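Scroll down for the structure; my scribbles are underneath it.
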Amino acid sequence: MDLRIFTEPQQGADYDTLLTVARATEDLGFDAFFRSDHYLRMGGGDGLPGPTDAWITLAGLARETRRIRLGTLMTAATFRLPGVLAIQVAQVDRMSGGRVELGLGAGWFAEEHTAYGIPFPKEKFGRLEEQLEIVTGLWGTETGKTYSYEGKHYRLADSPALPKPAQTKVPILVGGHGATRTPRLAARYADEFNIPFASLEDTERQFGRVRAAAEEAGRAAGSLVYSNALVVCVGRDDAEVARRAAAIGREVDELKANGLAGSPAEVVDKLGRYAEAGSSRVYLQLLDLDDLDHLELISAQVQAQLG
């Protein structure tokens, strides 16, 4: 089971905070540092000091880390034109020496679009599908040749399809709870399928849909990585679990029901149940980015047991 650290900096974190967490992620032996792609805080609070852009952040981290993978859960297709996104991700991949992964989703949070003047189209899923086709098409075009595309939402003509990423194949993540279109999209484009904040039962059901869609598309179901994203709240004792839950405005019982919460032994046990449901990778949603002791505990007493 791979454990990756997943942050939500729109809730209130600057670049220096993210750098500190990313370096701790690397030093403590985790596989990767991922971040959300949002521009507006969700829930209460002031969101200070304000949002950070996902790909600008990852560009900085690409130069200030050495080993960990870097990526997004999920870049919003509504935020960027596909040709520009392909350039951005390829450049950050080169800056990192080939450590980038692209999670790409349709975009859903209407309020952040309104707050920052970003168009929020009614038809989002079709745009996501075209973006996946264009980004992978640009990267897959042989150097020296051009790429053209004519779709409902985007048109590219004679693009030089440059720059190329450092990796031969940048891993693409597709995710979500959709029962039909999402599995088909994952089967066609994804290297990894991720289901966020899902129960064991929903995880197993959705993974089954993706496996079936892959086989229907003529692809081995096992050629995809299957992963979860779950909030994490671990403590050495009940008091520490309660303190960490309170710090993120959550209840312990709710976190135990819907995430990974409790003692290290409880969390290891629940991760085992997700593994039985088909998950081989979990993104630990870390909400208190100032609590580095939390990361150290997870590394020493959870990750160490999964090795």
Side-chain angles (χ1 to χ4, degrees), residues 2-7 9 15 18-37 52-77 79-105 128 130-149 154 156 158-175 185-186 188-194 219 223-225 227 229 280-281 283:
D2 288 339
L3 295 184
R4 295 181 160 190
I5 301 305
F6 169 41
T7 62
Y15 175 76
L18 294 172
L19 174 59
T20 298
V21 175
R23 285 176 167 164
T25 297
E26 185 161 80
D27 293 342
L28 293 169
F30 293 100
D31 179 63
F33 175 94
F34 271 58
R35 60 155 294 162
S36 61
D37 189 9
T52 52
D53 181 83
W55 286 101
I56 291 176
T57 296
L58 294 175
L61 298 179
R63 306 303 292 177
E64 298 195 81
T65 57
R66 306 173 307 280
R67 176 189 58 79
I68 49 172
R69 306 290 294 177
L70 300 166
T72 50
L73 282 182
M74 301 281 186
T75 286
F79 288 175
R80 297 168 180 86
L81 298 171
V84 174
L85 180 62
I87 292 168
Q88 290 172 321
V89 178
Q91 183 177 9
V92 177
D93 193 51
R94 287 191 167 275
M95 292 169 71
S96 72
R99 294 184 283 122
V100 159
E101 303 185 12
L102 171 62
L104 188 58
L128 170 61
E130 288 193 18
Q131 288 219 3
L132 285 163
E133 175 69 29
I134 292 165
V135 169
T136 56
L138 287 166
W139 291 339
T141 298
E142 184 180 337
T143 301
K145 295 187 177 180
T146 60
Y147 175 82
S148 297
Y149 177 84
Y154 304 104
L156 287 76
D158 300 322
S159 171
L162 296 171
K164 302 299 185 194
Q167 299 174 88
T168 302
K169 175 74 172 68
V170 172
I172 299 290
L173 288 76
V174 170
L185 202 63
R188 182 174 179 186
Y189 294 105
D191 299 283
E192 177 177 339
F193 179 79
N194 178 268
R219 177 179 180 184
S223 65
L224 285 90
V225 173
S227 65
S280 64
R281 178 176 291 159
Y283 293 81

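All values reported here derive from a predicted model rather than from experimental measurement. Just so you know, these numbers use all the heavy atoms, side chains as well, and skip hydrogens, waters and symmetry mates.
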Between Asn194 and Ser227, the two heavy atoms sitting closest are ND2-OG, 2.9 Å
Mind checking what makes salt bridge (Lys or Arg N to Asp or Glu O under 4.0 Å) contact with Glu101, not counting sequence neighbours? Arg4, Arg69
Any Tyr15 side-chain heavy atom under 4.5 Å of Ile56 side chain: no
State, to 0.1 Å, how close Leu85 and Arg80 come at their nearest heavy-atom pair, and which atoms those are. CD1-CD, 3.7 Å
Sequence-distant partners of Arg188, salt bridge (Lys or Arg N to Asp or Glu O under 4.0 Å), two or more places apart: Glu129, Glu133
State, to 0.1 Å, how close Ala76 and Asp37 come at their nearest heavy-atom pair, and which atoms those are. N-OD2, 3.2 Å
Using only atom types and a distance under 3.5 Å, with no angle test, would you say the side chain of Thr7 pairs donor to acceptor with the backbone of Phe34? yes
Is there a donor-acceptor contact under 3.5 Å from the side chain of Gln91 to the main chain of Ala59? no
Check whether any side-chain N or O of Asp31 sits under 3.5 Å from a backbone N or O of Leu3 as a donor-acceptor pair, and report yes or no. no
CG (Leu81) and CD (Gln88) are apart, to the nearest 0.5 Å, by 9.5 Å
Determine whether a donor-acceptor pair (N or O, by modelled atom type, separation under 3.5 Å) exists between the side chain of Lys164 and the backbone of Leu138. yes
Residues passing the side-chain hydrogen bond (donor to acceptor under 3.5 Å, both in side chains) test with Thr136, sequence neighbours excluded, are none
Please report the shortest heavy-atom distance between Ser36 and Ala54, naming the atom on each side. O-CB, 3.9 Å
What pair of heavy atoms forms the shortest contact from Asp93 to Pro165, and how long is it? OD2-CB, 3.3 Å
Under a 3.5 Å distance rule, please check whether Glu64 uses its side chain to pair with a backbone N or O of Leu19 as donor and acceptor. no
Trp55 and Thr72: CA distance, side-chain angles, deciding distance, side chain to side chain donor-acceptor pair (under 3.5 Å) verdict: CA-CA 8 Å; Trp55 286 101; Thr72 50; 4.5 Å; no
Side chains of Arg35 and Thr57: do they bring a donor and an acceptor to under 3.5 Å? yes
Trp139 side chain vs Ala86 backbone, donor-acceptor pair below 3.5 Å: yes
Verify side-chain contact (heavy atoms from CB on, under 4.5 Å) between Leu18 and Phe33, making sure each step is shown before the conclusion. CA-CA 9 Å; Leu18 294 172; Phe33 175 94; 4.1 Å; yes
Just so I know, are the side chains of Leu128 and Met74 near enough to count as touching, which here means a heavy-atom distance under 4.5 Å? no
Could you go through Leu70 and Val92, starting from their C-alpha distance and side-chain angles, then the distance that decides it, and tell me whether this counts as side-chain contact (heavy atoms from CB on, under 4.5 Å)? CA-CA 9 Å; Leu70 300 166; Val92 177; 5.6 Å; no
State, yes or no, whether a side-chain contact exists between Val89 and Thr75 at a heavy-atom distance under 4.5 Å. no
Quick test of your reading: applying salt bridge (charged side-chain N to carboxylate O under 4.0 Å, His left out), list the pairs with at least one residue in residues 136-145, sequence neighbours left out, ordered by first then second residue. Glu142-Lys145
Side-chain heavy-atom pair Arg219, Leu224 within 4.5 angstrom cut-off: yes
Tell me, please, which residues at least two apart from Arg281 pass salt bridge (Lys or Arg N to Asp or Glu O under 4.0 Å). Asp2, Glu192
Is it the case that the side chain of Gln131 and the backbone of Ala77 share a donor-acceptor pair, with hydrogens and angles ignored and the cut-off at 3.5 Å? yes
Using ring pair (Phe, Tyr, Trp, His ring centres under 6.0 Å) as the criterion, list what pairs up with Phe30, not counting sequence neighbours. none
On a heavy-atom basis, the closest approach of Ala32 and Thr25 is O-CG2, 3.5 Å
Identify which one of Leu173, Val135, Asp191, Val174 satisfies the side-chain contact (heavy atoms from CB on, under 4.5 Å) criterion when paired with Leu102. Val135
